[in-house]
Undergrad: 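Here you go, one structure.
The sequence lines fix the lettering, A, B, ..., with proteins before strands; numbering per chain opens at 1. The structure displayed is predicted, hence computed values, not measured ones. These numbers come from the heavy atoms of this one structure, side chains and all, not from hydrogens, waters or symmetry mates.
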Amino acid sequence: MKYPFAKSEKKWQNFWEENKIHKTDLTDLEKALYTLVMFIYPSGSKLHIGHWYNYAPTDSWARFKKLKGFNVFEPMGYDAFGLPAENYAIKTGIHPQDSTFKNIDDIRDQLKTMGCMYDWDAELMTCVPEYYKWNQWLFLQMYKKGLAYRKNAPVNWCPSCQTVLANEQVQGDGTCERCSTTVEHKSLTQWFYKITNYADELLDGLKTIEWPEKTKLMQENWIGKSFGTEVTFKVDGHDKEIKVFTTRPDTLFGVTYLVMAPELELVQELTTEEYSEEVNKYIDSIKSLSEIERTSTVKEKTGVPIGAFAINPVNGEKAPIWIADYALATYGTGSVMAVPGHDERDFEFATKFNLPIRNVILQDGTSEEDKLTEAFTEVGTMINSDQFTGERSDTGKANITKWLEEKGLGETKINYRLRDWLISRQRYWGTPIPIIYCDNCGEVPIPEEQLPIELPYDVDFKLDGGSPLASNKEFIHTTCPKCGGSAHRDADTMDTFMDSSWYYLRYLDPNVSEEMFDSKLADDWTPVGMYVGGAEHATMHLLYARFIHKFLRDIGLVNSDEPFQRLIHQGTITNQGAKMSKSKDNVVNPDSFIQEYGSDVFRMYLMFMGPYELGGDWSDKGIVGVDRFVQRAYSLFDSNKDLAKNISAEDKYELNKLSEVEKNTYRKVNQSIAKIEVELEHFRFNTAVAALMELINSLKDIDKCSEEIRLYSLERFAAMLAPLAPHLGEECWSILGKEESIFQQPNWYEADEVALVQDNVTIIVQVNGKVRAKLDLPVDSEEDTVKSTAWGEEKVKHHTADKTVVKEIYVKNKIYNIVVR
RNA sequence: GCCGGGGUGGCGGAAUUGGUAGACGCACUGGACUUAAAAUCCAGUGGGAGGUUUCUCCCGUGCCGGUUCGAGUCCGGCCCUCGGUACCA
């Protein structure tokens with residue numbers, strides 16, 4: 001009989017809902033396990049295969065844990081603010097709020113067909129005032145602690161559309177995706193969070209969390225802590241100074257010029273009149289370059305001198321000051337000392353512009369007279385360096401820094417690549433920033449009791465020229481909370497990464513209104529036990545969330561140091577090699593597969609496709625294989641449906657009391673349990689499914705087993721099936737006469753260790769590393785027995801004939817390699 | 001460019017510490033069942049050469065080189081590809 005999946009899946013979904021099977025009792029803390037997936041961005045393309053690939057296997061893991069007796073909390077929600085809804089509005093005129101709510105309703109329906117054990121009472125969305133109020137509240141706490149501040153920062157500006165563009169909206173050639181005009185950089189005053197204050201702690205905390213090594217490595221590199229020296233260069237004939245950060249103070253005598261980032265304000269002050277035209281022209285010319293282009297080591301570097309000279313503190317030499325694309329205002333001090341002899345970029349630049357190249361670190365085995373043909377960046381002996389000449393360059397670093405410190409011309413310095421978090425967005429669909437600008441008092445934070453500052457519905461988000469909120473006069477014009485005078489609100493909204501930095505805390509009670517989240521529950525349930533989401537979030541979302549969590553701890557709202565204890569990345573499912581996205585129009589919708597095969601088959605196929613952390617290119621080629629398996633599993637139970645009426649199975653059976661067929665069955669069942677348990681634990685779903693397929697293949701002879709062994713096997717099969725195919729698992733469980741949901745109790749079975757022990761083992765016999773025989777011998781056979789059996793093999797004789805044995809390698813129960821010559 | 005992944009049959013992939021390369025599945029081929037087809041079940045299936053019921057040998061995990069009795073696995077150097085690169089989320 002064919003498995004009526006459509007009827008069955010609906011039946012069990014209703015059963016779960018009616019019996020509140022997935023409602024988590026958050027007061028039960030014994031074996032509490034918070035399992036979380038990255039919440040959904042509710043775009044119009046609804047759920048695609050990538051979402052299923054994230055959620056369904058994670059749910060299978062959660063269900064496995066549930067079967068093992070954990071009190072699992074698995075919520076789902078919507079990351080509802082963001083740019084795409086706004087772009088959609090600009091294109092279609094449909095208001096972001098309307099499209100977002102509509103999308104959420106559609107997506108919720110889709111989610112329910114997956115059959116995940118989401119606790120729907122915990123559902124949340126970020127675009128409602130009840131949620132984003134707390135973004136504003138958090139902003140005020142940051143502000144109070146001095147961690148929110150304003151400074152100028154560049155945005156992508158399309159001069160034709162008169163609007164700020166996201167990086168994504170800038171095409172590869174640096175033009176606007178709407179009108180193909182070349183995009184410029186424009187400086188705006190914007191809000192930042194001082195994440196850099198937490199740089200060291202964010203680095204140290206990595207040691208305490210169980211995340212993929214690669215993710216921790218990426219965060220480490222992103223934070224980019226480096227130890228070096230800040231050197232002060234005086235400017236010739238000027239009272240200004242230029243500070244540079246260098247990790248190579250030992251090369252200070254090799255400085256032949258200085259490079260400043262073109263956008264530094266100091267550049268304007270230092271540029272001499274003679275050079276100013278050239279300098280301004282140059283600054284204009286690089287306005288459209290991206291940072292990636294500017295720092296590329298294959299692109300030819302550009303730059304111009306500004307006419308001023310810096311004085312090298314160690315020898316008083318005058319070095320010309322240049323501005324160049326490869327100096328970035330965002331790293332270090334924005335200025336670099338150039339040592340062409342010992343830095344590859346400087347070497348290239350100096351060669352191009354005929355600037356002097358001086359050798360001050362002598363490579364071992366070379367002579368001072370040898371001309372440098374490329375930058376020497378390794379450790380060597382310091383030369384041409386006055387009193388430091390003769391020192392090794394690695395120890396010279398500290399000495400030269402000490403000398404600078406004594407003269408007040410430098411100091412040791414730790415520098416980070418990490419930059420402060422720019423949270424201002426010149427967009428509508430986000431959280432309004434709770435700041436007012438008063439004509440008298442200036443910048444005034446809105447008092448907490450006036451929160452939320454609600455996002456007004458009526459705006460002209462097509463408005464050219466700036467933030468859409470500026471178009472709503474009623475919203476913008478307000479009175480100062482301090483003096484009551486005329487004032488205006490900040491027209492920007494917050495980066496949506498704010499929303500996703502604390503949602504996992506809100507899930508615990510999304511309806512709490514007097515605080516950001518239930519602090520008691522947060523202490524009990526965080527850090528999150530298992531967090532699953534894409535690796536593309538490795539450095540941004542996952543770093544921001546860690547930062548916010550630490551800040552919340554510092555203001556006493558949580559007691560843990562990290563938000564996510566364990567982390568797994570699902571791989572990306574591509575379509576014809578490309579990441580699925582609505583803009584590429586290559587999104588694969590799973591709905592038709594659900595209709596044809598059902599949720600269980602589809603989610604099991606996703607798990608079977610390959611290693612979870614790798615992902616891969618989408619193809620539905622093998623889905624019929626999983627469907628066949630599901631059909632076979634169902635008929636296995638269906639044909640044994642009368643089994644449980646008269647008997648029950650023991651927990652264990654003694655092997656020697658079983659028939660040969662029963663023994664094999666019993667062994668295979670227990671081996672499968674042991675295998676699948678380990679595989680599921682480590683998110684290796686593909687091999688777990690394969691093991692279950694192997695098991696069903698070897699249950700062919702189950703009819704030859706006693707009823708008890710049949711029941712024993714089927715109960716265990718149902719338990720292994722249930723996490724992978726939850727609806728079918730329930731169906732099979734109920735066929736065995738069980739009345740409760742399989743997930744109601746800890747229904748995972750432990751493997752019988754006795755059944756895992758093998759009698760025989762295959763020993764490989766090699767001659768010169770090539771397999772020549774395979775011996776099936778009892779486990780732990782004597783070395784002599786193995787060797788004499790091996791030498792009895794025809795092929796071994798053949799390949800060793802007329803040769804001398806020079807070496808033998810014997811590994812017990814594994815291999816016997818004979819090396820001959 | 002920089003940071004981090006990945007590359008194994010016709011296809012998706014498997015392979016505890018270096019120790020049988022190709023589990024499981026798809027596709028394909030042959031067979032059973034059927035009037036027939038579908039479905040199902042059984043068998044075969046990395047490539048090449050020879051022997052042709054049972055067999056034997058060689059090659060083979062992106063490329064080049066190294067370490068080792070033995071390398072998909074470790075080391076060095078490349079190539080290709082994917083993710084991120086601070087305003088997609």
Side-chain angles (χ1 to χ4, degrees), chain A residues 2 38-41 43 79 81-84 87 155-156 164-170 212-215 217-222 224 290-299 326 330 417-427 495-497 499-500 533-541 543-544 569 571-572 574 577-579 581-583 605 608-611 613-617 619-626 628-629 631-632 635 678 686-687 689-694 697 700 762-771 773-774 795 798 806-809 811 814-819:
Chain A
K2 207 160 155 49
M38 291 181 184
F39 60 174
I40 294 188
Y41 179 76
S43 75
D79 187 12
F81 275 141
L83 179 69
N87 286 340
V155 293
N156 298 312
V164 174
L165 298 178
N167 288 342
E168 199 192 38
Q169 298 174 289
V170 182
E213 285 307 318
K214 61 162 185 172
T215 311
L217 190 56
M218 275 191 270
Q219 289 213 346
E220 195 183 316
N221 293 337
W222 184 264
S290 74
E291 209 160 276
I292 292 171
E293 289 168 318
R294 281 176 56 170
T295 53
S296 167
T297 51
V298 288
K299 187 192 76 70
Y326 76 99
T330 48
R417 216 182 65 91
L418 179 69
R419 315 205 287 247
D420 277 338
W421 177 7
L422 168 61
I423 60 151
S424 295
R425 296 290 181 272
Q426 294 70 43
R427 315 209 178 282
D495 180 4
T496 54
F497 276 125
D499 309 338
S500 53
E536 67 271 21
H537 293 292
T539 46
M540 304 191 69
H541 159 59
L543 195 65
Y544 293 139
H569 296 302
T572 316
T574 53
K579 197 178 164 186
S581 76
K582 210 186 167 188
S583 55
Y605 176 59
F608 186 57
M609 267 173 46
E613 280 156 283
L614 267 186
D617 207 38
S619 159
D620 59 6
K621 260 185 160 180
I623 196 166
V624 290
V626 175
R628 279 175 202 151
F629 166 79
Q631 296 301 336
R632 287 169 70 190
S635 48
V678 174
N686 54 333
T687 45
V689 174
L692 207 55
M693 286 174 168
E694 270 189 73
N697 288 344
K700 266 177 220 157
T762 307
I763 295 170
I764 302 305
V765 183
Q766 299 182 335
V767 178
N768 286 352
K770 289 192 173 166
V771 181
K774 297 172 188 181
K795 283 222 258 176
H798 177 249
V806 282
K807 196 169 182 179
E808 290 174 86
I809 289 97
V811 183
K814 249 186 192 152
I815 199 159
Y816 176 38
N817 188 6
I818 305 160
V819 184

Undergrad: Are any of Thr496(A)'s side-chain N or O atoms less than 4.0 Å away from OP1 or OP2 of A89(B)?
TA: yes
Undergrad: Using the C1' atom in both, what is the distance from U67(B) to C58(B), to the nearest Å?
TA: 25 Å
Undergrad: Which nucleotide in the set C24(B), C57(B), G4(B) lies at the smallest distance from any side-chain heavy atom of His798(A)?
TA: C57(B)
Undergrad: Sticking with atom C1', work out how far A14(B) lies from C87(B), rounded to a whole angstrom.
TA: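 That atom pair is separated by 43 Å.
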Undergrad: For Asn697(A), answer base if it contacts any base atom (sugar-phosphate contacts may also be present), sugar-phosphate if it contacts only those atoms, and nothing otherwise; contact means non-hydrogen atoms under 4.0 Å.
TA: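 Answer is sugar-phosphate: Asn697(A) comes under 4.0 Å of backbone atoms only.
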Undergrad: Which atoms of nucleotides 68-75 of chain B (N or O only) lie under 3.5 Å from a protein N or O atom, and what are those distances?
TA:
from: C69(B); atom 1: OP1; to: Lys807(A); atom 2: NZ; distance (Å): 3.0
from: C69(B); atom 1: O2; to: Asn817(A); atom 2: ND2; distance (Å): 2.5

Undergrad: Within the 4.0 Å heavy-atom criterion, would you say Gln426(A) contacts the bases, only the backbone, or no part of the nucleic acid?
TA: base
Undergrad: I need the minimum non-hydrogen distance between Ala535(A) and Lys214(A), along with the two atoms involved.
TA: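 Closest pair (atom of Ala535(A), atom of Lys214(A), distance): CB-NZ, 4.1 Å.
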Undergrad: Do Asp79(A) and Ser500(A) get their side chains close enough for a donor-acceptor pair, meaning under 3.5 Å?
TA: no
Undergrad: Arg632(A) side chain N/O closer than 4.0 Å to the phosphate oxygens (OP1, OP2) of U40(B)?
TA: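 The answer is no; no side-chain N or O of Arg632(A) sits under 4.0 Å from OP1 or OP2.
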Undergrad: Evaluate the criterion side-chain hydrogen bond (donor to acceptor under 3.5 Å, both in side chains) for residue pair Gln766(A) and Tyr816(A); output intermediate values, then yes/no.
TA: CA-CA 6 Å; Gln766(A) 299 182 335; Tyr816(A) 176 38; over 6 Å; no
Undergrad: Can you name the nearest heavy-atom pair linking Ala538(A) to Gln219(A), along with the distance?
TA: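 That would be O-NE2, 2.8 Å.
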Undergrad: Nearest of C41(B), A89(B), C87(B) to any side-chain atom of Ala166(A)?
TA: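 Looking only at heavy atoms from C-beta outward on Ala166(A), the closest nucleotide is C87(B).
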Undergrad: Using a heavy-atom cut-off of under 4.0 Å over every strand shown, decide if Trp421(A) touches base, sugar-phosphate, or nothing.
TA: nothing
Undergrad: Quick one: look up who G10(B) pairs with, Watson-Crick or G-U, both distances under 3.5 Å, and put none if it's unpaired.
TA: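 When the pairing criteria are applied, C26(B) turns out to be the nucleotide that pairs with G10(B).
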Undergrad: Which one is paired to A49(B), where only Watson-Crick or G-U wobble pairs with both distances under 3.5 angstrom count?
TA: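 Check on A49(B): paired to U56(B), both distances under 3.5 Å.
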Undergrad: Please check the phosphate of C88(B) (OP1 and OP2 only) for any side-chain N or O of Asn87(A) closer than 4.0 Å.
TA: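 Result: no.
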Undergrad: Pairing check on U40(B): which nucleotide meets the Watson-Crick or G-U wobble criteria with it, both distances under 3.5 Å?
TA: A32(B)
Undergrad: Among C87(B), G83(B), C11(B), which nucleotide has an atom closest to any side-chain atom of Lys621(A)?
TA: C11(B)
Undergrad: When the C1' atoms of G66(B) and U29(B) are considered, how many whole Å apart are they?
TA: 43 Å
Undergrad: Given U85(B), G25(B), U20(B), which nucleotide is nearest the side-chain atoms of Ile292(A)?
TA: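 Nearest nucleotide to the side chain: U85(B).
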Undergrad: Quick check on RNA chain B: between Lys814(A) and Ser296(A), whose nearest nucleotide comes earlier from the 5' end?
TA: Ser296(A)
Undergrad: Heavy atoms only: give me the nearest Val771(A)-Lys774(A) pair and the separation to one decimal.
TA: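 In this case the closest contact between Val771(A) and Lys774(A) is CG1-CE, 4.2 Å.
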Undergrad: Looking only at heavy atoms, what is the nearest atom pair of Lys299(A) and Arg294(A), with distance?
TA: CE-CA, 4.3 Å
Undergrad: Taking the same atom, P, in U40(B) and in A27(B), what whole-Å distance lies between them?
TA: 10 Å
Undergrad: Using heavy-atom distances to pick each residue's nearest nucleotide on RNA chain B, tell me which of Met693(A) and Thr574(A) is more 5'.
TA: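 Of the two residues, Met693(A) wins.
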Undergrad: Pick base, sugar-phosphate or nothing for Leu692(A), based on heavy-atom distances below 4.0 Å to the nucleic acid.
TA: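 Counting heavy atoms under 4.0 Å across all strands, no contact is made by Leu692(A).
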Undergrad: For nucleotides C2(B) and C74(B), find the distance between their C1' atoms and express it as a whole number of Å.
TA: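 It comes out at 27 Å once rounded to the nearest Å.
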Undergrad: Between G72(B) and G9(B), how far apart are the two P atoms, rounded to whole Å?
TA: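 Roughly 14 Å separates the two P atoms.
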Undergrad: With sugar-phosphate meaning primed atoms plus P, OP1 and OP2, does Phe497(A) contact a base, only sugar-phosphate, or nothing at under 4.0 Å between heavy atoms?
TA: base
Undergrad: Could you check whether Ser619(A) gets within reach of a base, just the sugar-phosphate, or nothing at all, counting any heavy atom under 4.0 Å?
TA: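 The residue Ser619(A) makes no contact with any strand.
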Undergrad: Counting heavy atoms from C-beta on, name the nucleotide in C87(B), G4(B), G25(B) closest to the side chain of Val155(A).
TA: C87(B)
Undergrad: For Leu83(A) and A86(B), what is the distance between atoms CG and P respectively, to the nearest whole Å?
TA: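 Distance check: Leu83(A) CG to A86(B) P gives 15 Å.
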Undergrad: What's the closest nucleotide to the side chain of Met540(A) if the choices are G84(B), A23(B), G19(B)?
TA: G84(B)
Undergrad: Under 4.0 Å: is that the gap between some side-chain N or O of Lys700(A) and OP1 or OP2 of C42(B)?
TA: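 Lys700(A) to C42(B) OP1/OP2: side-chain N or O found under 4.0 Å.
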Undergrad: Regarding Lys214(A), tell me which of base, sugar-phosphate or nothing describes its non-hydrogen contacts under 4.0 Å with the strands shown.
TA: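 Lys214(A): backbone/sugar contact only, no base atoms under 4.0 Å.
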Undergrad: For the residue pair Arg417(A) / Asn221(A), report whether a side-chain donor-acceptor contact shorter than 3.5 Å exists.
TA: no
Undergrad: If you check the Val771(A) side chain, which of A21(B), C3(B), G25(B) turns out closest?
TA: A21(B)
Undergrad: When the P atoms of U81(B) and A71(B) are compared, how many Å lie between them, rounded to an integer?
TA: 30 Å
Undergrad: Which heavy atom in Asn768(A) sits nearest to a heavy atom in Asn817(A), and how many Å separate them?
TA: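 For Asn768(A) versus Asn817(A), the nearest heavy atoms are N-OD1, 3.6 Å.
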Undergrad: Where the side chain of Tyr41(A) is defined as all heavy atoms beyond and including C-beta, which of C24(B), A14(B), A89(B) is the nearest nucleotide?
TA: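 Given the options C24(B), A14(B), A89(B), the side chain of Tyr41(A) is closest to A89(B).
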Undergrad: Taking all non-hydrogen atoms of both residues, which atom of Leu543(A) and which atom of Trp222(A) are closest, and how far apart?
TA: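 Looking at all heavy atoms of both residues, the shortest contact is CD2-CD1, 3.5 Å.
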Undergrad: With a 4.0 Å limit, can you tell me whether Lys770(A) has a side-chain N or O closer than that to the phosphate oxygens OP1/OP2 of C57(B)?
TA: no
Undergrad: Using a cut-off of 4.0 Å on non-hydrogen atoms, how would the nucleic acid contact of Ile764(A) be classed: base, sugar-phosphate, or nothing?
TA: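 Ile764(A): base contact, heavy atoms under 4.0 Å.
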Undergrad: Students often get this wrong, so: under 4.0 angstrom with heavy atoms, is Lys299(A) touching a base, only sugar-phosphate, or nothing?
TA: nothing
Undergrad: For Asn167(A) and A86(B), is the shortest distance between a side-chain N/O and OP1 or OP2 below 4.0 Å?
TA: yes
Undergrad: Within the 4.0 Å heavy-atom criterion, would you say His537(A) contacts the bases, only the backbone, or no part of the nucleic acid?
TA: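 Touches a base.
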Undergrad: So which nucleotide from C87(B), A23(B), A89(B) ends up closest to the side chain of Glu694(A)?
TA: A23(B)
Undergrad: If the P atom of G10(B) is compared with that of G48(B), how far apart are they to the nearest Å?
TA: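 9 Å, rounded to whole Å.
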Undergrad: Return the nucleotide paired to G83(B): Watson-Crick means purine N1 to pyrimidine N3 with N6-O4 or O6-N4, wobble means G-U with N1-O2 and O6-N3, both under 3.5 Å.
TA: C3(B)
Undergrad: Answer syn or anti for G9(B), where the cut-off is 90° from 0 on the glycosidic torsion.
TA: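 You should classify G9(B) as syn.
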Undergrad: Roughly, in whole Å, what's the span from CG in Leu165(A) to P in A86(B)?
TA: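 These atoms are roughly 14 Å apart.
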Undergrad: Below 30° counts as parallel, above 60° as perpendicular, anything between as tilted: where do the rings of Phe497(A) and His541(A) land?
TA: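 Judged by the thresholds at 30° and 60°, the geometry between Phe497(A) and His541(A) is parallel.
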Undergrad: Considering only NZ, NE, NH1 and NH2 on the basic side and carboxylate oxygens on the acidic side, decide whether Lys700(A) and Glu694(A) come within less than 4.0 Å.
TA: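 Result for this pair is no, no salt bridge flagged.
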Undergrad: Quick check for you: among U20(B), C87(B), A27(B), whose closest atom lies nearest to any side-chain atom of Arg628(A)?
TA: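 Among U20(B), C87(B), A27(B), the one nearest the side chain of Arg628(A) is A27(B).
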